[in-house]
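Quick caveat, the model's predicted, so the values are computed rather than measured.
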Amino acid sequence: MKNVKVCPLCGSTVDSDSNFCEYCGYSLKESTSETGKTDEPVQFDEEEAAPQFDKPDRPALHDRGTGIQPEKKYNGILIAAGVVIAATVIAVCIFVMGNHGKTGQDMLEDKNPVFTGEAENGSESSFYEEGMTADSYESSDISAVEEKILDIRNQYNQIMAGYDSGIYSTYAINAETISCWDGSELVMISAGRDDSYDMDRSFYYADGELIFAYYEADCSYRFYFDNGELIRVRYCRNASDTLNAVNYDDPADWGEWPGNLKMHSSMFVQEAAQVKKYMDVSSGDSILPNSSTTYLSMSDLNGLTKEECRIARNEIFARHGRMFDDETLQAYFKQFEWYEPTIAPENFTDNLLNDYELKNLDLIIAYEKEKGYR
(Lines give C-alpha, C1' and ligand atoms only; values in the text may rest on other atoms or scores of the structure.)
Protein backbone atom coordinates (compact mmCIF):
# COMPACT_ATOMS: atom_id res chain seq x y z
CA MET A 1 0.00 0.00 0.00
CA LYS A 2 1.38 3.36 -0.92
CA ASN A 3 1.46 6.13 1.68
CA VAL A 4 0.43 9.67 0.88
CA LYS A 5 0.42 12.89 2.85
CA VAL A 6 -1.30 16.27 2.71
CA CYS A 7 0.53 19.55 2.12
CA PRO A 8 -0.32 21.82 5.07
CA LEU A 9 -0.11 24.95 2.80
CA CYS A 10 -2.33 24.15 -0.19
CA GLY A 11 -4.03 20.91 0.93
CA SER A 12 -2.82 18.84 -2.03
CA THR A 13 -2.25 15.11 -1.65
CA VAL A 14 1.30 14.01 -2.55
CA ASP A 15 3.51 10.92 -2.14
CA SER A 16 4.70 10.39 1.42
CA ASP A 17 8.37 10.39 0.33
CA SER A 18 8.16 13.80 -1.44
CA ASN A 19 10.28 16.57 0.07
CA PHE A 20 8.39 19.37 -1.70
CA CYS A 21 4.75 19.84 -2.68
CA GLU A 22 4.59 19.48 -6.46
CA TYR A 23 1.68 21.94 -6.61
CA CYS A 24 2.85 24.90 -4.54
CA GLY A 25 6.53 24.12 -3.87
CA TYR A 26 6.11 24.07 -0.10
CA SER A 27 8.79 22.13 1.83
CA LEU A 28 7.38 18.90 3.25
CA LYS A 29 10.43 18.11 5.35
CA GLU A 30 9.95 18.09 9.07
CA SER A 31 10.59 21.60 10.34
CA THR A 32 10.71 23.19 13.79
CA SER A 33 8.43 26.11 14.42
CA GLU A 34 9.12 29.12 16.61
CA THR A 35 7.38 27.29 19.49
CA GLY A 36 9.84 24.42 19.25
CA LYS A 37 7.21 21.95 18.06
CA THR A 38 7.78 19.75 15.09
CA ASP A 39 5.39 20.21 12.17
CA GLU A 40 5.00 16.81 10.56
CA PRO A 41 2.71 16.39 7.59
CA VAL A 42 -0.21 14.05 8.16
CA GLN A 43 0.19 10.69 6.39
CA PHE A 44 -2.64 8.61 4.98
CA ASP A 45 -2.83 5.22 3.40
CA GLU A 46 -3.57 5.39 -0.32
CA GLU A 47 -6.89 3.60 0.24
CA GLU A 48 -8.00 6.04 2.95
CA ALA A 49 -9.89 9.15 2.03
CA ALA A 50 -7.56 12.09 2.53
CA PRO A 51 -9.24 15.23 3.82
CA GLN A 52 -10.03 17.83 1.13
CA PHE A 53 -9.03 21.48 1.36
CA ASP A 54 -10.01 24.49 -0.69
CA LYS A 55 -6.92 25.11 -2.83
CA PRO A 56 -5.95 28.76 -3.18
CA ASP A 57 -5.31 30.30 -6.62
CA ARG A 58 -1.78 29.56 -7.75
CA PRO A 59 0.11 32.78 -8.49
CA ALA A 60 3.10 32.91 -10.82
CA LEU A 61 6.38 31.68 -9.40
CA HIS A 62 7.76 35.15 -8.79
CA ASP A 63 4.55 36.19 -6.96
CA ARG A 64 4.26 33.37 -4.44
CA GLY A 65 5.94 35.11 -1.52
CA THR A 66 6.54 31.86 0.39
CA GLY A 67 10.29 32.27 0.34
CA ILE A 68 10.54 28.70 -0.94
CA GLN A 69 12.43 27.92 -4.14
CA PRO A 70 10.80 25.64 -6.71
CA GLU A 71 12.26 22.26 -7.41
CA LYS A 72 15.13 21.94 -9.90
CA LYS A 73 12.81 20.82 -12.71
CA TYR A 74 11.36 24.36 -12.81
CA ASN A 75 14.85 25.85 -13.09
CA GLY A 76 15.58 23.52 -16.00
CA ILE A 77 12.46 24.63 -17.85
CA LEU A 78 13.36 28.28 -17.40
CA ILE A 79 16.90 27.72 -18.67
CA ALA A 80 15.64 25.79 -21.70
CA ALA A 81 13.11 28.53 -22.50
CA GLY A 82 15.84 31.17 -22.29
CA VAL A 83 18.04 29.22 -24.70
CA VAL A 84 15.18 28.88 -27.22
CA ILE A 85 14.40 32.62 -27.08
CA ALA A 86 18.06 33.56 -27.54
CA ALA A 87 18.41 31.21 -30.51
CA THR A 88 15.26 32.68 -32.10
CA VAL A 89 16.56 36.24 -31.75
CA ILE A 90 19.89 35.29 -33.34
CA ALA A 91 18.14 33.51 -36.24
CA VAL A 92 15.92 36.55 -36.93
CA CYS A 93 18.96 38.86 -36.98
CA ILE A 94 20.79 36.59 -39.42
CA PHE A 95 17.71 36.41 -41.68
CA VAL A 96 17.25 40.20 -41.74
CA MET A 97 20.94 40.85 -42.41
CA GLY A 98 21.08 38.18 -45.08
CA ASN A 99 18.06 39.58 -46.94
CA HIS A 100 19.06 43.24 -46.84
CA GLY A 101 19.11 44.71 -50.35
CA LYS A 102 17.22 41.91 -52.11
CA THR A 103 15.21 43.01 -55.10
CA GLY A 104 12.22 40.77 -54.60
CA GLN A 105 12.54 39.34 -58.09
CA ASP A 106 11.18 36.07 -56.75
CA MET A 107 7.81 37.82 -56.84
CA LEU A 108 8.50 39.54 -60.16
CA GLU A 109 9.53 36.40 -62.01
CA ASP A 110 5.97 35.13 -61.60
CA LYS A 111 4.40 38.39 -62.62
CA ASN A 112 6.97 39.43 -65.21
CA PRO A 113 8.46 36.48 -67.11
CA VAL A 114 11.05 38.68 -68.80
CA PHE A 115 12.92 39.20 -65.55
CA THR A 116 15.16 36.21 -64.96
CA GLY A 117 18.15 37.88 -63.30
CA GLU A 118 19.56 36.77 -59.94
CA ALA A 119 20.20 40.24 -58.51
CA GLU A 120 20.31 40.10 -54.72
CA ASN A 121 22.99 42.54 -53.68
CA GLY A 122 22.16 45.86 -55.27
CA SER A 123 24.74 48.57 -54.87
CA GLU A 124 22.92 51.35 -53.06
CA SER A 125 25.07 54.00 -54.68
CA SER A 126 24.24 57.68 -54.48
CA PHE A 127 21.47 58.78 -56.80
CA TYR A 128 19.56 61.97 -57.44
CA GLU A 129 16.29 61.17 -55.74
CA GLU A 130 13.02 62.14 -57.37
CA GLY A 131 12.78 65.90 -57.71
CA MET A 132 16.43 66.53 -56.83
CA THR A 133 19.14 68.01 -59.03
CA ALA A 134 22.90 68.11 -59.10
CA ASP A 135 22.79 71.26 -56.98
CA SER A 136 21.62 69.09 -54.08
CA TYR A 137 24.97 67.27 -53.99
CA GLU A 138 28.58 68.21 -53.63
CA SER A 139 30.26 68.06 -57.03
CA SER A 140 32.95 65.75 -55.68
CA ASP A 141 30.26 63.15 -54.88
CA ILE A 142 28.99 62.98 -58.45
CA SER A 143 30.51 60.02 -60.25
CA ALA A 144 30.67 59.63 -64.01
CA VAL A 145 27.63 57.36 -63.90
CA GLU A 146 25.67 59.86 -61.83
CA GLU A 147 26.45 62.61 -64.34
CA LYS A 148 25.10 60.43 -67.15
CA ILE A 149 22.01 59.60 -65.10
CA LEU A 150 21.37 63.29 -64.47
CA ASP A 151 21.72 64.04 -68.18
CA ILE A 152 19.23 61.28 -68.99
CA ARG A 153 16.78 62.67 -66.43
CA ASN A 154 17.07 66.12 -67.99
CA GLN A 155 16.36 64.68 -71.44
CA TYR A 156 13.40 62.78 -70.05
CA ASN A 157 12.01 65.95 -68.45
CA GLN A 158 12.31 67.77 -71.78
CA ILE A 159 10.44 64.99 -73.58
CA MET A 160 7.63 65.00 -71.03
CA ALA A 161 7.39 68.80 -71.16
CA GLY A 162 6.99 68.57 -74.94
CA TYR A 163 4.35 65.87 -74.60
CA ASP A 164 2.39 67.85 -72.02
CA SER A 165 2.46 70.93 -74.24
CA GLY A 166 1.23 68.95 -77.26
CA ILE A 167 4.10 69.78 -79.61
CA TYR A 168 4.62 66.17 -80.73
CA SER A 169 2.74 64.28 -83.42
CA THR A 170 1.04 61.30 -81.82
CA TYR A 171 0.15 58.05 -83.60
CA ALA A 172 -1.86 55.16 -82.18
CA ILE A 173 -0.11 51.86 -82.86
CA ASN A 174 -2.98 49.94 -81.25
CA ALA A 175 -5.53 50.41 -78.50
CA GLU A 176 -2.86 50.28 -75.76
CA THR A 177 0.16 51.83 -77.50
CA ILE A 178 1.03 55.25 -78.87
CA SER A 179 4.18 56.78 -80.37
CA CYS A 180 5.22 60.43 -80.21
CA TRP A 181 7.36 62.12 -82.85
CA ASP A 182 9.19 65.41 -83.05
CA GLY A 183 9.08 65.83 -86.80
CA SER A 184 10.81 62.73 -88.14
CA GLU A 185 12.43 61.85 -84.80
CA LEU A 186 10.84 59.32 -82.48
CA VAL A 187 10.89 60.58 -78.88
CA MET A 188 8.53 58.30 -76.93
CA ILE A 189 6.53 55.07 -77.04
CA SER A 190 4.00 54.30 -74.34
CA ALA A 191 2.53 50.78 -74.14
CA GLY A 192 -0.16 49.78 -71.66
CA ARG A 193 -0.70 46.34 -70.19
CA ASP A 194 -2.27 43.72 -72.40
CA ASP A 195 -2.98 40.00 -72.42
CA SER A 196 0.65 39.19 -73.23
CA TYR A 197 2.40 41.50 -70.75
CA ASP A 198 1.23 42.60 -67.31
CA MET A 199 3.29 45.78 -66.96
CA ASP A 200 2.98 49.30 -68.33
CA ARG A 201 6.04 50.14 -70.46
CA SER A 202 7.45 53.43 -71.72
CA PHE A 203 10.50 54.04 -73.89
CA TYR A 204 12.27 57.37 -74.46
CA TYR A 205 14.62 58.22 -77.30
CA ALA A 206 17.14 60.90 -78.24
CA ASP A 207 19.00 61.10 -81.55
CA GLY A 208 17.64 57.70 -82.54
CA GLU A 209 18.93 55.94 -79.41
CA LEU A 210 17.03 54.49 -76.47
CA ILE A 211 17.99 56.52 -73.39
CA PHE A 212 15.45 55.50 -70.77
CA ALA A 213 12.76 52.88 -70.19
CA TYR A 214 10.22 52.55 -67.41
CA TYR A 215 8.28 49.39 -66.49
CA GLU A 216 5.56 49.47 -63.85
CA ALA A 217 3.14 47.09 -62.15
CA ASP A 218 2.91 46.99 -58.35
CA CYS A 219 6.67 47.47 -58.42
CA SER A 220 8.70 49.49 -60.91
CA TYR A 221 11.93 49.37 -62.90
CA ARG A 222 13.87 52.29 -64.36
CA PHE A 223 16.47 51.53 -67.02
CA TYR A 224 19.15 54.05 -68.01
CA PHE A 225 21.12 53.79 -71.25
CA ASP A 226 24.29 55.43 -72.53
CA ASN A 227 25.01 55.13 -76.27
CA GLY A 228 22.37 52.42 -76.47
CA GLU A 229 23.89 50.32 -73.67
CA LEU A 230 22.31 49.74 -70.26
CA ILE A 231 24.23 51.38 -67.41
CA ARG A 232 21.82 51.17 -64.48
CA VAL A 233 18.70 49.36 -63.29
CA ARG A 234 16.78 51.06 -60.50
CA TYR A 235 14.28 48.79 -58.78
CA CYS A 236 11.47 49.86 -56.46
CA ARG A 237 9.46 47.18 -54.66
CA ASN A 238 6.54 49.61 -54.27
CA ALA A 239 6.03 51.70 -57.42
CA SER A 240 4.58 54.60 -55.44
CA ASP A 241 7.47 54.69 -52.95
CA THR A 242 10.26 55.95 -55.20
CA LEU A 243 12.53 57.08 -52.35
CA ASN A 244 13.12 53.48 -51.26
CA ALA A 245 14.50 52.22 -54.56
CA VAL A 246 17.77 50.33 -55.03
CA ASN A 247 20.32 50.90 -57.82
CA TYR A 248 21.95 48.02 -59.68
CA ASP A 249 25.04 49.11 -61.60
CA ASP A 250 26.70 45.72 -61.93
CA PRO A 251 25.82 43.98 -65.23
CA ALA A 252 26.06 40.65 -63.40
CA ASP A 253 22.83 41.61 -61.59
CA TRP A 254 20.81 42.38 -64.71
CA GLY A 255 20.15 38.88 -65.98
CA GLU A 256 18.33 38.94 -69.34
CA TRP A 257 17.01 42.48 -69.00
CA PRO A 258 19.41 44.12 -71.52
CA GLY A 259 18.49 41.77 -74.37
CA ASN A 260 14.76 41.80 -73.62
CA LEU A 261 14.63 45.59 -73.36
CA LYS A 262 16.25 45.97 -76.77
CA MET A 263 13.87 43.38 -78.21
CA HIS A 264 10.81 45.17 -76.84
CA SER A 265 12.05 48.57 -77.96
CA SER A 266 12.93 47.35 -81.45
CA MET A 267 9.53 45.72 -81.88
CA PHE A 268 7.67 48.88 -80.89
CA VAL A 269 9.93 51.15 -82.96
CA GLN A 270 9.29 49.06 -86.06
CA GLU A 271 5.53 49.16 -85.56
CA ALA A 272 5.59 52.89 -84.79
CA ALA A 273 7.59 53.68 -87.92
CA GLN A 274 5.24 51.61 -90.07
CA VAL A 275 2.14 53.34 -88.72
CA LYS A 276 3.70 56.80 -89.09
CA LYS A 277 4.79 56.11 -92.65
CA TYR A 278 1.35 54.96 -93.62
CA MET A 279 -0.42 57.85 -91.93
CA ASP A 280 1.92 60.46 -93.40
CA VAL A 281 1.87 59.13 -96.97
CA SER A 282 -1.51 57.54 -97.42
CA SER A 283 -3.88 60.11 -95.97
CA GLY A 284 -4.97 61.02 -99.48
CA ASP A 285 -4.69 57.49 -100.84
CA SER A 286 -7.08 55.64 -98.54
CA ILE A 287 -10.80 55.24 -98.34
CA LEU A 288 -10.67 55.21 -94.53
CA PRO A 289 -7.27 56.66 -93.41
CA ASN A 290 -7.96 56.18 -89.69
CA SER A 291 -9.28 52.63 -89.77
CA SER A 292 -6.07 51.30 -88.17
CA THR A 293 -5.89 53.86 -85.37
CA THR A 294 -9.48 54.84 -84.47
CA TYR A 295 -12.75 53.07 -83.78
CA LEU A 296 -15.06 54.07 -86.64
CA SER A 297 -18.84 54.44 -86.56
CA MET A 298 -21.54 53.92 -89.16
CA SER A 299 -21.54 57.64 -89.86
CA ASP A 300 -17.93 57.36 -91.06
CA LEU A 301 -19.08 54.86 -93.72
CA ASN A 302 -22.08 56.79 -95.04
CA GLY A 303 -22.00 57.15 -98.80
CA LEU A 304 -19.44 54.45 -99.52
CA THR A 305 -20.10 52.38 -102.63
CA LYS A 306 -19.78 48.63 -102.84
CA GLU A 307 -16.33 48.89 -104.44
CA GLU A 308 -15.15 51.48 -101.92
CA CYS A 309 -16.19 49.18 -99.07
CA ARG A 310 -14.20 46.37 -100.66
CA ILE A 311 -11.10 48.57 -100.92
CA ALA A 312 -11.62 49.93 -97.39
CA ARG A 313 -11.65 46.40 -95.97
CA ASN A 314 -8.58 45.27 -97.87
CA GLU A 315 -6.51 48.39 -97.27
CA ILE A 316 -6.41 47.33 -93.60
CA PHE A 317 -4.64 44.12 -94.69
CA ALA A 318 -2.47 45.99 -97.20
CA ARG A 319 -1.02 48.18 -94.46
CA HIS A 320 0.51 45.06 -92.93
CA GLY A 321 2.10 43.98 -96.23
CA ARG A 322 -0.45 41.37 -97.28
CA MET A 323 -0.32 40.38 -100.93
CA PHE A 324 -3.52 39.64 -102.87
CA ASP A 325 -4.48 36.85 -105.24
CA ASP A 326 -6.94 39.24 -106.85
CA GLU A 327 -4.91 41.00 -109.54
CA THR A 328 -7.13 44.07 -109.44
CA LEU A 329 -6.56 44.61 -105.73
CA GLN A 330 -2.84 43.88 -106.05
CA ALA A 331 -2.46 46.44 -108.81
CA TYR A 332 -4.52 48.99 -106.93
CA PHE A 333 -2.40 48.94 -103.77
CA LYS A 334 0.89 48.58 -105.61
CA GLN A 335 0.52 52.11 -106.99
CA PHE A 336 0.95 53.59 -103.48
CA GLU A 337 4.32 54.35 -101.93
CA TRP A 338 3.30 53.07 -98.51
CA TYR A 339 2.40 49.58 -99.75
CA GLU A 340 5.13 46.99 -99.22
CA PRO A 341 3.86 43.51 -100.24
CA THR A 342 5.78 41.05 -98.06
CA ILE A 343 3.31 38.44 -96.75
CA ALA A 344 1.70 35.81 -98.97
CA PRO A 345 -2.08 35.42 -98.51
CA GLU A 346 -1.74 31.92 -97.07
CA ASN A 347 0.72 33.16 -94.43
CA PHE A 348 -1.31 36.13 -93.27
CA THR A 349 -3.29 35.79 -90.04
CA ASP A 350 -5.61 38.10 -88.15
CA ASN A 351 -3.14 38.03 -85.25
CA LEU A 352 -1.28 40.77 -87.11
CA LEU A 353 -4.22 43.14 -86.76
CA ASN A 354 -4.83 45.43 -83.80
CA ASP A 355 -8.15 45.85 -82.01
CA TYR A 356 -9.08 48.96 -83.99
CA GLU A 357 -8.66 47.09 -87.24
CA LEU A 358 -10.60 44.01 -86.14
CA LYS A 359 -13.54 46.06 -84.89
CA ASN A 360 -13.57 48.26 -88.00
CA LEU A 361 -13.55 45.22 -90.30
CA ASP A 362 -16.66 43.95 -88.53
CA LEU A 363 -18.23 47.39 -88.87
CA ILE A 364 -17.57 47.59 -92.63
CA ILE A 365 -19.02 44.12 -93.16
CA ALA A 366 -22.12 45.08 -91.15
CA TYR A 367 -22.47 48.22 -93.28
CA GLU A 368 -22.14 46.19 -96.49
CA LYS A 369 -24.88 43.84 -95.32
CA GLU A 370 -27.10 46.76 -94.34
CA LYS A 371 -26.68 48.27 -97.81
CA GLY A 372 -27.21 44.95 -99.56
CA TYR A 373 -23.63 44.82 -100.92
CA ARG A 374 -23.07 41.31 -99.52
Side-chain angles (χ1 to χ4, degrees), residues 96 99-125 127-132 149 152-153 155-157 159-160 163-164 170-180 186-205 210-225 228-272 351 354-356:
V96 172
N99 282 273
H100 177 69
K102 285 192 176 182
T103 66
Q105 76 274 9
D106 51 332
M107 172 188 72
L108 261 296
E109 286 179 7
D110 294 335
K111 175 171 288 189
N112 176 16
V114 173
F115 184 73
T116 56
E118 298 298 330
E120 292 189 352
N121 298 304
S123 58
E124 299 187 29
S125 56
F127 178 78
Y128 306 114
E129 300 294 353
E130 303 300 322
M132 302 185 75
I149 299 299
I152 293 169
R153 286 183 57 80
Q155 290 177 294
Y156 163 82
N157 289 335
I159 292 172
M160 293 309 300
Y163 177 77
D164 292 339
T170 302
Y171 300 84
I173 299 175
N174 54 48
E176 294 82 24
T177 309
I178 63 168
S179 65
C180 297
L186 176 65
V187 294
M188 182 178 75
I189 293 175
S190 178
R193 308 179 195 190
D194 54 33
D195 293 338
S196 63
Y197 208 86
D198 192 26
M199 296 189 86
D200 295 322
R201 292 155 290 171
S202 298
F203 304 86
Y204 302 86
Y205 304 87
L210 177 64
I211 61 169
F212 179 63
Y214 180 71
Y215 283 46
E216 179 182 309
D218 295 331
C219 61
S220 66
Y221 290 90
R222 289 172 172 81
F223 304 95
Y224 299 85
F225 294 81
E229 297 299 325
L230 187 63
I231 60 173
R232 169 172 289 173
V233 177
R234 183 168 173 81
Y235 170 73
C236 188
R237 182 182 293 274
N238 182 346
S240 62
D241 185 15
T242 57
L243 296 181
N244 289 320
V246 180
N247 296 330
Y248 291 83
D249 294 346
D250 186 352
D253 294 332
W254 299 341
E256 297 181 12
W257 271 119
N260 284 304
L261 284 164
K262 290 182 178 180
M263 178 185 68
H264 286 181
S265 173
S266 177
M267 175 186 69
F268 284 124
V269 167
Q270 184 177 2
E271 292 180 353
N351 291 333
N354 64 40
D355 193 63
Y356 292 120

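- Taking all atoms of both residues into account, the shortest heavy-atom contact from Ile149 to Ile231 is CD1-CD1, 4.0 Å.
- Nearest heavy-atom pair, Ile189 versus Ala272, reported as atom, atom and distance to 0.1 Å: CD1-CB, 4.3 Å.
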Val233/Asp253 under side chain to side chain contact (heavy atoms under 4.5 Å, CB included): CA gap, chis, key distance, verdict: CA-CA 9 Å; Val233 177; Asp253 294 332; over 6 Å; no
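- Ser265 and Tyr205 form a side-chain donor-acceptor contact under 3.5 Å, judged by distance and modelled atom types alone.
- Taking 4.0 Å as the cut-off between side-chain N and carboxylate O, Glu176 and Arg201 do not count as a salt-bridged pair.
- Looking at Asp218, its side chain never comes within 3.5 Å of a backbone N or O of Ala239 through a donor-acceptor pair.
- Summarising the geometry of Thr242 relative to Arg234, their closest heavy-atom pair is O-NH2, 3.5 Å, with the distance given to 0.1 Å.
- In terms of heavy-atom proximity, Ser179 sits nearest to Ile173 at CB-CD1, 4.1 Å.
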From CA spacing to verdict: salt bridge (Lys or Arg N to Asp or Glu O under 4.0 Å), Glu216, Arg222: CA-CA 9 Å; Glu216 179 182 309; Arg222 289 172 172 81; over 6 Å; no
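- Summarising the geometry of Ile159 relative to Ile211, their closest heavy-atom pair is CD1-CD1, 4.5 Å, with the distance given to 0.1 Å.
- Contact record, Met199 with Arg193: C-CG, 3.4 Å, taken as the closest heavy-atom pair.
- Here Trp257 and Tyr215 bring their ring centres to under 6.0 angstrom of each other.
- One distance of note links CG of Asn260 with CH2 of Trp254; it measures 14.5 Å at 0.5 Å rounding.
- With ring centers used as reference points, His264 lies 6.0 Å or more from Phe203.
- Between Tyr224 and Phe212, the ring planes lie tilted relative to each other; the angle falls in the 30° to 60° range.
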